[in-house]
Visitor: 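A single structure is presented below for examination.
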Amino acid sequence: MIRFSHVGRGMFGLSLLLGSFAANAEEAAPAINSGDTAFVALCSLVVLLMTLPGLALFYGGMARTKNVLSILMQVFCTASLMSVLFAIYGYSLTFTDGGSLQAVIGGLDKLFMSGITKDSVVGTIPEYLYFLFMLLFAAITPAIIVGAFAERMKFAAVLVFMTVWLTINYIPMAHMAWGGGWVFNLGVQDFAGGNVVHLNVGIAALVGAWLLGRRRGFGTQTLAPHNMTMTLTGGSLLWVGWLGFCGGCALAANGFAMLVMVNTMLASCAGALGWMLVEWQHRGRPSLFGAVSGAIAGLVAITPACGYVGPMGAILLGLIAGPVCVWSVDKLKPMIGLDDAFDVFGVHGVAGILGGLLTPVFALTAIGGQGFPEGRDLVDQLLVNGGAILFSILFSAVTSLIAFKVASALCGGLRVGEEAEVDGLDLSAHGEVGYKYSS
């Protein structure tokens, strides 16, 4: 996720920056750059905005009226819980040296944020800010999975699942990809978390949908979104935050960070247009839901690619991602037969895989990309990216299954009772309602 030079070519990785800092600590005291600090701080704020309220509102509008509050509650409390756990042990296990286990997990040197002070520096920004930025990635990633099991999972089981999943899935995945683990050392072209975030949650969504079963009324209009105004508002906040999500990964206020943000913006626009045009042709009319979904598909697809492609490549990637995700939602989902309620796999999983595979293609310098490390060509990089994607699919499937099984065992099952599901989770689980109507 961090830009660095590798024989004159752009590659990215958090561990190199941390390692360089440690190696040079005795030579010169690292200096904080106020511009970089202000930029990453702003990016952190908009990433929080994309989670709360962005993701919560985006999903909340897709739910039925009787479940809207439960969706808001699950996203809100998941983000809160993940943040606390990341501070206690997640940051240390992700970004410190794991010794003999470094290939797969970090160490305990910064357990409970030990050793981090107001004077600690990572690169050119305070370590507290670096910690905050990475915490926000850990907060939003598990919360995306909420969309898969929406309207039918026990709240206690949600919290247990999220705790286990963060521990056995997200933290090792993040360390292996960003913290100096074996995936990082492969030189995968994945700038801002195509595997760790989007593909990962997409596979977890499939596992959850399989274990929980379909909602009552699955496949009928009774499950239609209740408030598209809310979904548009949340989706737009996601879009705003995504520019900070990707752009902030440069950890510097410079031209490269601006390229990343421009790529992110253009891919989202193209994704919205691509979905809209295909839906217009296929269904006879364009929908707001489709346009917003297409924008998210473009954002997901550009996440791994945003630091490697040029603006025109970003547009092409978005134009491809939109229609592919229309197919995944309209055709692939019925073929699979699972009730992934808000299409977490259909958008995040499919677009994440697509973006990861097409990143090397659009990274070609002939079409405006940043190229490959010295000694690699397109085929070599495709093999590396493809191998990382296959590993991520398998690792996510196994760890997600374990996390759901642990939650089921500890909470007496994953799913609410039939009566609670019919009444709605707002009242049955939380004793509140999202809307009150006067008689």
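Note that this is a predicted model, so its numbers are computed, not measured. Along the sequence shown, the residues carry numbers beginning at 1. Computed over heavy atoms, backbone and side chain alike; hydrogens, waters and symmetry mates excluded.
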Visitor: Could you check whether any side-chain heavy atom of Asn385 comes within less than 4.5 Å of a side-chain heavy atom of Asp190, counting everything from C-beta outward?
Guide: no
Visitor: What's the shortest heavy-atom distance between Cys325 and Trp275, and which atoms?
Guide: CB-CZ3, 3.5 Å
Visitor: How many angstroms lie between CH2 in Trp239 and CG in Leu299, if you round to the nearest 0.5 Å?
Guide: 7.0 Å
Visitor: Name the one of Phe131, Tyr130, Phe133 that satisfies side-chain contact (heavy atoms from CB on, under 4.5 Å) with Ser44?
Guide: Phe133
Visitor: For Ala363, is there any backbone N or O sitting under 3.5 Å from a side-chain donor or acceptor partner on Gln381?
Guide: no
Visitor: Can you pull the side chain to side chain donor-acceptor pair (under 3.5 Å) pairs that have at least one residue in residues 47-56, sequence neighbours excluded?
Guide: none
Visitor: Can you run down the side chain to side chain donor-acceptor pair (under 3.5 Å) pairs that involve residues 393-406, sequence neighbours left out, and say none if there aren't any?
Guide: Trp165-Ser400, Asn169-Thr399, Asn200-Ser396
Visitor: If we ignore hydrogens and angles and just use 3.5 Å, is the side chain of Arg415 paired with the main-chain N or O of Leu212 as donor and acceptor?
Guide: yes
Visitor: Do Met134 and Phe86 come within less than 4.5 Å of each other through their side chains, counting heavy atoms only?
Guide: yes
Visitor: For the CG atom of Leu390 and the CG atom of Leu199, what is their distance to the nearest 0.5 Å?
Guide: 9.5 Å
Visitor: Using every non-hydrogen atom in the two residues, find where Phe191 and Cys249 come nearest and quote the distance to one decimal.
Guide: CE2-CB, 3.7 Å
Visitor: With rounding to the nearest 0.5 angstrom, report the CG to SG distance, Leu136 to Cys43.
Guide: 11.0 Å
Visitor: Within a strict 4.5 Å, meaning less than it, do heavy atoms of the Leu93 and Lys110 side chains meet?
Guide: no
Visitor: For the side chain of Asp340 and the backbone of Ala209, is there at least one donor-acceptor N/O pair under 3.5 Å apart?
Guide: no
Visitor: Output yes when a side-chain donor or acceptor of Asn263 lies under 3.5 Å from a complementary backbone atom of Val309, and no otherwise.
Guide: yes
Visitor: For Phe155 and Val416, run side-chain contact (heavy atoms from CB on, under 4.5 Å): C-alpha distance rounded to whole Å, both residues' side-chain angles, the deciding distance at 0.1 Å, then the answer.
Guide: CA-CA 9 Å; Phe155 184 64; Val416 299; over 6 Å; no
Visitor: Would the distance check show the side chain of Tyr59 and the main-chain N or O of Ile144 forming a donor-acceptor pair, the cut-off being under 3.5 Å?
Guide: yes
Visitor: Would the number of heavy atoms belonging to other residues, nucleotides or ligands and lying under 6.0 Å from CZ of Phe76 be above 12?
Guide: no
Visitor: For a side-chain contact (heavy atoms from CB on, under 4.5 Å) check, start with the C-alpha distance between His226 and Val68, then their side-chain angles and the critical distance, and finish with the verdict.
Guide: CA-CA 9 Å; His226 89 282; Val68 57; 3.7 Å; yes
Visitor: Is the closest basic N to carboxylate O distance between Glu421 and Arg152 below 4.0 Å?
Guide: no
Visitor: Which heavy atom in His430 sits nearest to a heavy atom in Leu69, and how many Å separate them?
Guide: CB-CD2, 3.9 Å
Visitor: Which heavy atom of Pro53 sits nearest to which heavy atom of Leu237, and what is that distance?
Guide: CG-CD1, 3.6 Å
Visitor: Angle class for the Phe161/Phe149 ring planes (parallel below 30°, perpendicular above 60°, tilted otherwise)?
Guide: perpendicular
Visitor: Check the pair Asn33, Ile125 against side-chain contact (heavy atoms from CB on, under 4.5 Å), reporting the backbone distance first and the verdict last.
Guide: CA-CA 6 Å; Asn33 181 289; Ile125 65 173; over 6 Å; no
Visitor: Nearest 0.5 Å, what's the CG-CD1 distance between Leu55 and Ile71?
Guide: 10.0 Å
Visitor: Taking Asp339 for its side chain and Arg215 for its backbone only, find out whether a donor-acceptor pair lies under 3.5 Å.
Guide: yes
Visitor: Stepwise, does the side-chain contact (heavy atoms from CB on, under 4.5 Å) test hold for Tyr128 with Ile116?
Guide: CA-CA 7 Å; Tyr128 275 128; Ile116 305 175; 3.7 Å; yes
Visitor: Nearest 0.5 Å, please: how far is CD1 in Ile353 from NE2 in His348?
Guide: 13.0 Å
Visitor: Any salt bridge linking Lys66 with Asp426? Criterion: basic side-chain nitrogen under 4.0 Å from a carboxylate oxygen.
Guide: no
Visitor: In sequence, state the C-alpha distance, the side-chain angles, and the governing distance for His175 and Phe95, and then conclude on ring-ring contact (aromatic ring centres under 6.0 Å, His included).
Guide: CA-CA 6 Å; His175 173 79; Phe95 295 114; 8.1 Å; no
Visitor: Mark yes when over 12 heavy atoms from residues, nucleotides or ligands other than Trp182 sit less than 6.0 Å from its CH2; otherwise mark no.
Guide: yes
Visitor: Just by distance, do the side chain of Thr78 and the backbone of Val75 share a donor-acceptor pair under 3.5 Å?
Guide: no
Visitor: Main chain of Gly337, side chain of Arg214: is a donor-acceptor contact present, judged purely on distance under 3.5 Å?
Guide: yes
Visitor: Regarding Ser287 and Glu279, is there a side-chain donor-to-acceptor distance under 3.5 Å anywhere?
Guide: yes
Visitor: Does a side-chain heavy-atom distance below 4.5 Å link Ile145 with Val344?
Guide: no
Visitor: With rounding to the nearest 0.5 Å, note down the distance linking CG in Leu45 to CG in Leu49.
Guide: 9.0 Å
Visitor: Would you check if Asn227 and Tyr435 make a side-chain contact, meaning some heavy-atom pair closer than 4.5 Å?
Guide: yes
Visitor: Donor-acceptor pair, Ser268 side chain versus Ala295 backbone, under 3.5 Å?
Guide: yes
Visitor: Mind listing the closest non-hydrogen atom pair of Pro172 and Thr167 along with its distance?
Guide: CD-O, 3.4 Å
Visitor: Under the side-chain contact (heavy atoms from CB on, under 4.5 Å) test against Leu166, which residue among Leu81, Ile171, Thr141 passes?
Guide: Ile171
Visitor: Is any NZ, NE, NH1 or NH2 atom of the basic residue among Asp343 and Lys333 found under 4.0 Å from an Asp or Glu carboxylate oxygen of the other?
Guide: yes
Visitor: Using only atom types and a distance under 3.5 Å, with no angle test, would you say the side chain of Glu151 pairs donor to acceptor with the backbone of Arg64?
Guide: yes
Visitor: Do Phe404 and Val207 touch side chain to side chain, with heavy atoms closer than 4.5 Å?
Guide: yes
Visitor: Among Phe345, Phe137, Trp242, which residue meets the ring pair (Phe, Tyr, Trp, His ring centres under 6.0 Å) test with His198?
Guide: Trp242
Visitor: Is the shortest heavy-atom distance from the side chain of Phe395 to the side chain of Met176 under 4.5 Å?
Guide: yes
Visitor: Of all the heavy-atom pairs spanning Val121 and Ile32, show the shortest one and how long it is.
Guide: CG2-CG1, 3.8 Å
Visitor: Find out whether Leu251 and Asp36 are in side-chain contact, i.e. whether some heavy atom of one side chain is under 4.5 Å from a heavy atom of the other.
Guide: no
